[in-house]
Amino acid sequence: MASPPPDPSFILRGASSPITSLAFSSPHTLYSGTLDGKVLQWSLASRRVQSKIDGHEGHTVLWVCPLSEDCVLSQGRDGFVKSWQYQEGSFTNTGNMRCASMGFCGSSTVLHNNSQLIATPSTVTSHVDIYDIQSKHCVMALKPDCSSQKVGICMSIKTANSQSENNQILIGYENGSVTLWDLRTQKCVGTLERLHGDSVMCMGFSSSSRKGISGSVDNKLVCWRVDTESCLQKTGELEITNPGLNDIVVRSDDKIVACAGWDNTIRLFGLKKMKPLAVLCYHRDSAQCLAFSQDNLLACGSKDQLISVWDIYR
């Protein structure tokens with residue numbers, strides 16, 4: 001008889017609305033974004049909120065990205081990506097970058113010409129704007145050719161860096177397509193058209209193995225890879241019990257894939273063969289976002305306003 005799945009190691013309580021985004025800045029510090037526009041900095045040692053940023057005026061925080069121990073980016077549905085610096089006991093806004101206010105697509109950071117950039121959904125449908133984080137200026141835009149078919153709004157953006165290549169990003173669109181873009185040419189270099197029958201809700205990507213996994217509103221995980229010629233190839237599908245996925249993350253050691261589902265669960269798979277490993281159950285509402293720490297703890301943020309932290313398969 002199979003052993004029952006474990007319980008979370010602990011729960012972080014104190015958010016005033018559903019958790020919508022997560023990111024670790026260190027093994028002991030976690031950032032969360034919430035539906036009511038707040039960014040919370042959590043100490044995993046005390047399991048309490050250390051600092052709070054009320055930065056998006058009640059608009060959902062779609063993405064949060066710590067750049068260092070005292071600098072963080074946040075993206076809200078108010079139409080801005082904002083940078084924050086910790087100074088004298090609180091976070092101060094140090095600049096804003098314009099982004100789409102419609103949709104639920106988060107941003108992604110990418111290295112290009114030794115500069116740290118951010119790829120964010122544009123105010124122009126289907127476009128992605130690339131900003132220089134230091135100057136806060138838009139340095140380029142990725143514009144799909146919609147003459148043959150409209151791809152719709154951007155739904156998911158992921159960096160596609162490898163050990164030898166750091167100029168590529170992946171974009172999933174409303175029409176179910178996934179594309180690979182090269183920042184050096186600002187061109188699409190690979191496409192999987194209508195990979196999903198509905199919008200691409202989330203993507204996970206392994207930089208070292210060049211494997212990708214994407215999810216939609218149905219009960220299928222679609223697996224694909226980026227080959228040495230930057231072509232995208234579908235490699236398989238995997239059915240799960242219940243439909244709807246909100247987030248997919250690949251652990252940094254490329255061994256574990258975690259998926260957050262509409263059915264309140266976290267599903268774990270082995271990346272190599274996408275073998276199901278466990279279904280983690282704790283939350284009373286939709287599991288909305290996931291993050292792995294540098295030492296492989298897994299955090300899950302839910303619509304029930306709680307964050308569960310799991311120590312499993314380390």
Side-chain angles (χ1 to χ4, degrees), residues 21-25 31 33 39 55-56 61-85 91 93-101 103-144 151 153-173 178-191 200 202-208 210 212 226 230 232 249-250 252 291:
S21 56
L22 289 173
F24 281 93
S25 65
Y31 285 86
V39 176
H56 293 277
V61 178
L62 298 174
W63 178 73
V64 60
C65 177
L67 299 176
S68 66
E69 282 297 313
D70 56 3
C71 183
V72 63
L73 300 175
S74 64
Q75 175 194 348
R77 291 196 77 198
D78 56 352
F80 291 100
V81 176
K82 300 183 178 184
S83 63
W84 306 91
Q85 187 76 32
F91 282 92
N93 180 225
T94 55
N96 299 332
M97 293 161 275
R98 174 69 71 177
C99 66
S101 58
F104 295 90
C105 180
S107 301
S108 184
T109 56
V110 59
L111 291 174
H112 175 62
N113 292 338
N114 295 319
S115 295
Q116 193 167 30
L117 308 179
I118 176 175
T120 192
S122 173
T123 55
V124 180
T125 301
S126 306
H127 292 192
V128 167
D129 290 333
I130 310 296
Y131 283 88
D132 183 283
I133 292 176
Q134 290 297 321
S135 69
K136 311 296 188 295
H137 291 155
C138 184
V139 295
M140 67 181 84
L142 307 180
K143 306 173 183 179
V151 296
I153 64 173
C154 301
M155 299 295 294
S156 183
I157 300 172
K158 290 287 182 181
T159 301
N161 290 351
S162 68
Q163 295 177 348
S164 60
E165 178 62 70
N166 59 3
N167 297 284
Q168 295 182 329
I169 65 168
L170 292 152
I171 305 174
Y173 293 99
V178 172
T179 59
L180 178 69
W181 291 78
D182 193 312
L183 299 187
R184 294 166 297 185
T185 61
Q186 300 174 43
K187 299 291 185 183
C188 174
V189 294
T191 302
V200 179
C202 50
M203 296 188 296
F205 188 73
S206 163
S207 296
S208 59
R210 308 294 280 168
V226 179
S230 294
L232 274 70
V249 292
V250 179
S252 60

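In what follows, every heavy atom counts, from backbone to side chain, and hydrogens, waters and symmetry copies are set aside.
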query = How many angstroms lie between CG in Leu142 and CD1 in Ile130, if you round to the nearest 0.5 Å?
reply = 4.5 Å
Report all side-chain donor-acceptor pairs from residues 110-117 shorter than 3.5 Å, counting only partners two or more places apart or in another chain.
from	atom 1	to	atom 2	distance (Å)
His112	ND1	Asn167	OD1	2.6

request  = List in chain and number order the residues that pass side chain to side chain donor-acceptor pair (under 3.5 Å) with Ser122, two or more places apart in sequence or in another chain; answer none if no residue qualifies.
outcome  = Asp129
query = Can you list the residues that meet the side chain to side chain donor-acceptor pair (under 3.5 Å) rule with Ser83, with sequence neighbours excluded?
reply = Thr94
request  = Quick one: list whatever passes side chain to side chain contact (heavy atoms under 4.5 Å, CB included) with Ser107, sequence neighbours left out.
outcome  = Trp63, Gln75, Val81, Ile118, Thr120, Pro121
task = Go through the structure and list residues passing salt bridge (charged side-chain N to carboxylate O under 4.0 Å, His left out) with Asp78, not counting sequence neighbours.
result = Lys82
ask   = What residues, two or more places apart in sequence or in another chain, satisfy side chain to side chain contact (heavy atoms under 4.5 Å, CB included) together with Lys187?
value = Thr185
task = Look only at the side chain of Tyr31 and the backbone of Ser21, and say whether a donor-acceptor pair between them is shorter than 3.5 Å.
result = no
ask   = For the atom pair NZ (Lys158) and CG (Leu180), what is the distance rounded to the nearest 0.5 Å?
value = 15.0 Å
Residues forming a ring pair (Phe, Tyr, Trp, His ring centres under 6.0 Å) with Phe91, sequence neighbours excluded = Tyr86
query = Do Trp84 and Val39 touch side chain to side chain, with heavy atoms closer than 4.5 Å?
reply = no
query = Out of curiosity, Asn96 CG to Lys136 NZ, how far, rounded to the nearest 0.5 Å?
reply = 9.0 Å
query = Mind checking what makes side chain to side chain contact (heavy atoms under 4.5 Å, CB included) contact with Ser108, not counting sequence neighbours?
reply = Ile157, Thr159
query = Is there side-chain contact between Met155 and Cys202, with heavy atoms separated by less than 4.5 Å?
reply = no
note = One should read off an interatomic distance between Leu73 CG and Tyr131 OH, to the nearest 0.5 angstrom, of 13.0 Å
key: Sequence-distant partners of Thr191, side chain to side chain contact (heavy atoms under 4.5 Å, CB included), two or more places apart   = Thr179, Cys188, Glu193
By side chain to side chain donor-acceptor pair (under 3.5 Å) - contacts of Ser230 (at least two apart) = Gln168
